[in-house]
Trainee: 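Just dropping this structure here.
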Amino acid sequence: MAQISLTFPDGNSREYPAGITAGEVAADISKSLAKKAISATVNGAHFDLQWPITGDSAIAIHTLQDEVQANELVRHDLAHIMARAVQELWPDVKVTIGPVIKDGWYYDFDRQEPFTPEDLGAIEKKMKEIINLRDPVKTEVWDRDVAVKYYEERGEPYKVELIDSIPGDEPLRMYWHGDWQDLCRGPHLQHTGQVPADAFKLMNVAGAYWRGDSSRPMLQRIYGTAFTSKEKLKAHLTMLEEAAKRDHRKLGREMNLFHMQEEAPGQVFWHPNGWTIYTELQDYMRRKQRRGGYVEVNTPQVVNRKLWEASGHWGNYQENMFIVEVDEDHAREKTINALKPMNCPCHVQVFNQGLKSYRDLPLRMAEFGSCNRYEPSGALHGIMRVRGFTQDDAHIFCTEDQIEAETKIFIDFLADIYADLGFTGWTIKLSTRPEKRIGSEESWDRVEAALGNACKAAGYDYEIQEGEGAFYGPKLEFTLTDAIGREWQCGTLQVDPNLPERLDANYIGQDGDKHRPIMLHRAVLGSFERFIGILIENSEGKLPLWLAPRQVVVASIVSDADAYCLEVVEALKAKGIRAEADLRNEKINYKVREHSVGKVPYILACGMKEVEERTVSTRRLGEKQTKTQTMDEIVAELASVTTPPDKR
RNA sequence: GCUGCUGUAGCUCAGUGGUAGAGCACUCCCUUGGUAAGGGAGAGGUCGACAGUUCAAUCCUGUCCAGCAGCACCA
């Protein structure tokens, strides 16, 4: 038999007969490795230990210590083990697919009755039994016809459909965990006992459409989370609890920022505290935009359907619009309007007033545009996904030649704002031409290149999302990473030659002829509502000083200090600081606790000592240490730390 | 929109086929206390809405509304 040479990660290589499996190689190295080995990477691809190696290769044998591979295998085997457990408990349940996802896996089942939380407990118990069986994992390559026939006989239509969708040249692999069998690409562990039995947990059940298609049957999806050790599972569960503490819906209530109620689903009732954040952020954005060369406009909320027909929204977006019918007296027919879901058509109307010259371009037209969209009920989520919201929207009217420069200017503008708001980690994605599109290939070539070049010129890399652009033009998406690693797509820049065409926008060029401008739709925050939700979750409610709704509370320790507390509050207010007094008949411990829970960044306590010395006892949120400062000192300090970043 | 779950006091949640309870918050009283909950008393609810079953429904059934998780959606 031919010999092959296998090179190990340490650079050493050994000769083996061709067709040897990674498991046999592990056994050749040591008995303990043979036992601990879970899989192997051969020439960069991840295989299980049963896979024969046919040529010279670089090989690395993995154990549970190799986090990346171990997580994948453990989660993948757990998906199979769970499916087996479910079928052992309820033999009539049909299996579908069960992939590995971030932090775990899921498996979709077709079953008449819903799974209950008690069922999850039973499944988990059964899974542990299966793990303890230490059933060897076996694999075979099957002929398509055999596999189809097998699944047809077993009444597993979903598997048959899956086989049909696997390309004909791809071998069909079958895997066994004991007697239980599943169609699977692999790789898998040596035996079920290699799964750490105390490092997984079934999380929840939810509906999911077969193949992600809302016109197809809804299946029941069970989610699980798994790691390579009990400690890592525990750390993950703790992290989930931490994330729950940041929930903006919970903090919004606790900090008295806003509420929502049945009569206005998906719309926000902003309370004084929340509205303070909103207006501070908006004032900041307005200052930035003015300095960034934008003109600000404001356009109507309720607009006749004629405009939406002309813009194309009536045809493409109608089910997402609030339609308003007005039955005017003596009118022959009802007037039909729609609440604007976007600002762009209205901005073109402003652009179209008066004849524009090439000298007017680029024209950066901004609006804090209040929009209403009839979002599907299931999509609503706190203030993050709402039906009424305000965008930090702008449209840049320009020539095609100006796209690159305008894009670069925008990226710099956005980077500056994200930095001011405390987000340093963010990425750019460039979405390119989709299959269904308008416009010439040459124009797509030029515009996509312009966006890419602008990113590079601004000093940023970007990831390409092939085919994800709008039908009329490519776009950039700006995604920021929050304090606990979650990603939020906020900023966007979209190239649009279509709407100016539909709404007949034009300008007089240097040549004296009429020309069509291009529109760049762009936003930095996205919507104020969603962005404030992100700010709350990112900061766990401890907002930057300049955005904190209540910046200082001056709390009296004894009632004889009340008058002095009011004097301190007045001195702070005179500097524009949001200060209030807490003169309630409560102990200082109580007041400190309450305002700490309420995320007030500064608590100034005053007793008779402070009254006599004209000082305050300063305590910053989260610090146990207090410090005594004179009134002048604290007023100056707060005036400085509450200054918005663009005014520093 | 789809599947499942949930809806009881301002908040967090118990509970029962015979019209309801706790803790915190709130109001009042006592207490003037030095940096994360001092003590006492009181007030507060058409039990999400509408139908049905029943002598009787907050509880059982149905429809609707809203929320939660996931899916789908986010021209």
Side-chain angles (χ1 to χ4, degrees), chain A residues 101 106 108 110-111 113-117 119 203-223 244 247 249-250 253-254 256 259-266 308 311-321 341-342 344 373-382 384-387 389 434 436 469-472 489 492 494 496 498-499 521 526-527 530 553 555-562 583-598 600 603-610 616-628:
Chain A
I101 53 172
Y106 67 77
D108 287 347
D110 184 10
R111 178 187 186 223
E113 316 75 57
F115 288 109
T116 64
D119 290 342
M203 303 299 282
N204 57 330
V205 192
Y209 297 111
W210 170 233
R211 316 214 102 183
D213 183 342
S214 59
S215 67
R216 310 211 56 187
M218 179 152 283
L219 307 169
Q220 295 191 62
R221 175 172 297 178
I222 302 179
Y223 285 90
D247 192 314
R249 293 165 298 186
K250 179 174 171 296
R253 204 169 30 238
E254 287 172 3
N256 196 11
H259 84 273
M260 306 181 86
Q261 64 186 51
E262 255 187 57
E263 289 80 356
W308 305 116
S311 70
H313 290 86
W314 195 258
N316 292 319
Y317 203 67
Q318 200 183 138
E319 67 275 22
N320 281 295
M321 303 205 313
M342 295 170 201
C344 24
R373 295 182 188 170
Y374 190 78
E375 299 284 358
S377 58
L380 303 178
H381 178 83
M384 299 275 212
R385 186 83 183 267
V386 285
R387 288 181 175 159
F389 55 92
K436 275 183 76 178
F471 69 89
Y472 47 74
Q489 195 242 300
T492 179
Q494 195 157 334
D496 183 3
N498 181 52
L499 199 62
H521 307 254
S527 88
R530 179 164 176 271
V553 168
S556 58
I557 296 169
V558 294
S559 52
D560 284 346
D562 287 359
L583 310 180
R584 291 176 303 168
N585 176 17
E586 297 290 352
K587 293 198 173 181
I588 192 64
N589 289 307
Y590 184 92
K591 296 182 183 180
V592 165
R593 176 173 196 277
E594 186 168 290
H595 297 124
S596 299
V597 170
V600 177
I603 300 170
L604 310 183
C606 300
M608 291 320 288
K609 182 164 151 280
E610 285 75 17
V616 296
S617 169
T618 306
R619 179 181 167 128
R620 294 204 54 176
L621 181 59
E623 291 176 11
K624 271 203 108 57
Q625 204 67 33
T626 61
K627 106 178 143 180
T628 303

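To find a chain, count down the sequence lines: A is the first, B the second, and so on, and within it residues start at 1.
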Trainee: With a cut-off of less than 4.0 Å, is there a side-chain N or O of A/Tyr223 near OP1 or OP2 of B/C71?
Mentor: yes

Trainee: Between the base of B/G1 and the side chain of A/Tyr209, is there any donor-acceptor pair under 3.5 Å?
Mentor: yes

Trainee: Within the structure shown, what part of the strands sits under 4.0 Å from A/Met342 by heavy-atom distance: base, sugar-phosphate, or nothing?
Mentor: base

Trainee: How far does the C1' atom of B/U6 sit from the matching atom of B/A14, given to the nearest Å?
Mentor: 16 Å

Trainee: Considering every strand and a 4.0 Å limit on heavy-atom distances, what is the contact class for A/Gly312: base, sugar-phosphate, or nothing?
Mentor: nothing

Trainee: For the pair made of CG in A/Asn316 and C1' in B/C73, what is the distance, rounded to whole Å?
Mentor: 15 Å

Trainee: Is there a donor N/O on one and an acceptor N/O on the other, under 3.5 Å, for the side chain of A/Arg619 and the base of B/A36?
Mentor: yes

Trainee: In whole Å, measure the gap between the C1' atoms of B/C2 and B/U16 for me.
Mentor: 35 Å

Trainee: Got A/Lys591 and A/Val553 here, is their nearest side-chain heavy-atom distance under 4.5 Å?
Mentor: no

Trainee: A/Lys627 has an atom NZ; how far is it from atom P of B/G34, in whole Å?
Mentor: 23 Å

Trainee: Side chain of A/Arg249: nearest nucleotide among B/A75, B/C2, B/A69?
Mentor: B/A69

Trainee: For the backbone of A/Pro341 and the side chain of A/Arg373, can you confirm whether one donor and one acceptor N or O come within less than 3.5 Å of each other?
Mentor: yes

Trainee: As a test of reading the structure: which of B/G38, B/A69, B/A75 is closest to the side chain of A/Lys587, going by heavy atoms?
Mentor: B/G38

Trainee: Between B/G62 and B/C55, how far apart are the two C1' atoms, rounded to whole Å?
Mentor: 22 Å

Trainee: Could you please name the option among B/A75, B/C73, B/C71 that lies closest to any side-chain atom of A/Ala208?
Mentor: B/C71

Trainee: With hydrogens left out and only the distance checked, is there a donor-acceptor pair under 3.5 Å joining A/Ser559's side chain and the base of B/U32?
Mentor: yes

Trainee: Which nucleotide sits closest to the side chain of A/Met218: B/A66, B/C2, B/A36?
Mentor: B/C2

Trainee: Quick check on B/A25: is either OP1 or OP2 less than 4.0 Å from any side-chain nitrogen or oxygen of A/Tyr590?
Mentor: yes

Trainee: For the pair A/Ser527 (side chain) and A/Arg530 (backbone), establish whether a donor and an acceptor sit closer than 3.5 Å, ignoring hydrogens and angles.
Mentor: yes

Trainee: Expressed as a whole number of angstroms, how long is the span from A/Leu219:CG to B/C2:P?
Mentor: 17 Å

Trainee: Donor-acceptor pair under 3.5 Å: do we get one between A/His313's side chain and the base of B/A75?
Mentor: yes

Trainee: Side chain to side chain contact (heavy atoms under 4.5 Å, CB included) for A/Thr116 and A/Glu113? Distances and angles first, verdict last.
Mentor: CA-CA 9 Å; A/Thr116 64; A/Glu113 316 75 57; over 6 Å; no

Trainee: Could you check whether A/Met203 gets within reach of a base, just the sugar-phosphate, or nothing at all, counting any heavy atom under 4.0 Å?
Mentor: nothing

Trainee: Please report the distance separating the C1' of B/U58 from the corresponding atom of B/G15, rounded so that it comes out in whole Å.
Mentor: 10 Å

Trainee: I want to confirm an ordering. Mapping A/Glu594 and A/Val558 to their closest nucleotides on RNA chain B, which one lands closer to the 5' end?
Mentor: A/Glu594

Trainee: Think A/Asn589 has a side-chain N or O under 4.0 angstrom from the OP1 or OP2 of B/A37?
Mentor: no

Trainee: Nearest to the side chain of A/Ser596, heavy atoms from C-beta on, is which of B/C73, B/A36, B/G38?
Mentor: B/A36

Trainee: For B/A43 and B/U35, measure between their P atoms and round to the nearest Å.
Mentor: 36 Å

Trainee: Taking OP1 and OP2 of B/G34, is either one under 4.0 Å from a side-chain nitrogen or oxygen of A/Lys609?
Mentor: no

Trainee: Can you check whether A/Glu375 reaches A/Leu380 side chain to side chain, under 4.5 Å on heavy atoms?
Mentor: yes

Trainee: The side chain of A/Asn204 is closest to which nucleotide in this list: B/G38, B/A69, B/C71?
Mentor: B/A69

Trainee: Classify the nucleic acid contact of A/Pro265 as base, sugar-phosphate or nothing, counting any heavy atom under 4.0 Å across all strands shown.
Mentor: sugar-phosphate

Trainee: Do A/Met203 and A/Tyr106 touch side chain to side chain, with heavy atoms closer than 4.5 Å?
Mentor: no

Trainee: If the test is side-chain contact (heavy atoms from CB on, under 4.5 Å), which one of A/Asp119, A/Val205, A/Asp110 qualifies with A/Gln220?
Mentor: A/Val205

Trainee: Whole Å only: how far is the OH atom of A/Tyr106 from the P atom of B/U3?
Mentor: 19 Å

Trainee: Does RNA chain B take part in any stems of at least 3 consecutive Watson-Crick or G-U pairs (both distances under 3.5 Å), and if so, which ones?
Mentor: B:1-7 with B:65-71, B:10-13 with B:21-24, B:26-30 with B:38-42, B:48-52 with B:60-64

Trainee: Check every strand shown and say whether A/Arg385 touches a base, only sugar-phosphate, or nothing at a heavy-atom separation below 4.0 Å.
Mentor: base

Trainee: Taking any heavy-atom pair under 4.0 Å as a contact, classify A/Tyr374: base, sugar-phosphate, or nothing.
Mentor: nothing

Trainee: Ignoring the backbone of A/Pro376, work out which of B/C73, B/A69, B/C74 is nearest its side chain.
Mentor: B/C73

Trainee: Please determine whether a side-chain nitrogen or oxygen atom of A/His259 lies at a distance below 4.0 Å from atom OP1 or OP2 of B/C11.
Mentor: no

Trainee: Determine the Euclidean distance between corresponding C1' atoms of B/G48 and B/U8; express it in Å to zero decimal places.
Mentor: 10 Å

Trainee: Charged N to carboxylate O under 4.0 angstrom, A/Arg211 versus A/Asp213?
Mentor: no

Trainee: Rounding to a whole Å, what distance do you find between A/Leu380:CG and B/U6:P?
Mentor: 21 Å

Trainee: Determine whether A/Trp308 and A/Gln318 make a side-chain contact, defined as any pair of heavy atoms from C-beta on separated by less than 4.5 Å.
Mentor: no

Trainee: Is there, by distance only and without an angle test, a donor paired with an acceptor across the side chain of A/Arg216 and the base of B/C71 below 3.5 Å?
Mentor: no

Trainee: By the 4.0 Å heavy-atom rule, please label A/Glu610 as base, sugar-phosphate, or nothing.
Mentor: base

Trainee: Distance between the P atoms of B/U19 and B/G23, in whole angstroms?
Mentor: 23 Å

Trainee: Apply side chain to side chain contact (heavy atoms under 4.5 Å, CB included) to the pair A/Glu594 and A/Arg584, showing each step before the final yes or no.
Mentor: CA-CA 12 Å; A/Glu594 186 168 290; A/Arg584 291 176 303 168; 2.9 Å; yes

Trainee: Tell me, with the steps shown, if A/Tyr472 and A/Leu499 meet side chain to side chain contact (heavy atoms under 4.5 Å, CB included).
Mentor: CA-CA 9 Å; A/Tyr472 47 74; A/Leu499 199 62; over 6 Å; no

Trainee: Output the single nucleotide from B/A75, B/G34, B/A72 whose closest atom is nearest the side chain of A/Ser617.
Mentor: B/G34

Trainee: Please report the distance separating the P of B/A75 from the corresponding atom of B/C68, rounded so that it comes out in whole Å.
Mentor: 22 Å

Trainee: Is A/Gln261 side chain donor-acceptor paired with the B/G48 base, going by distance under 3.5 Å alone?
Mentor: no

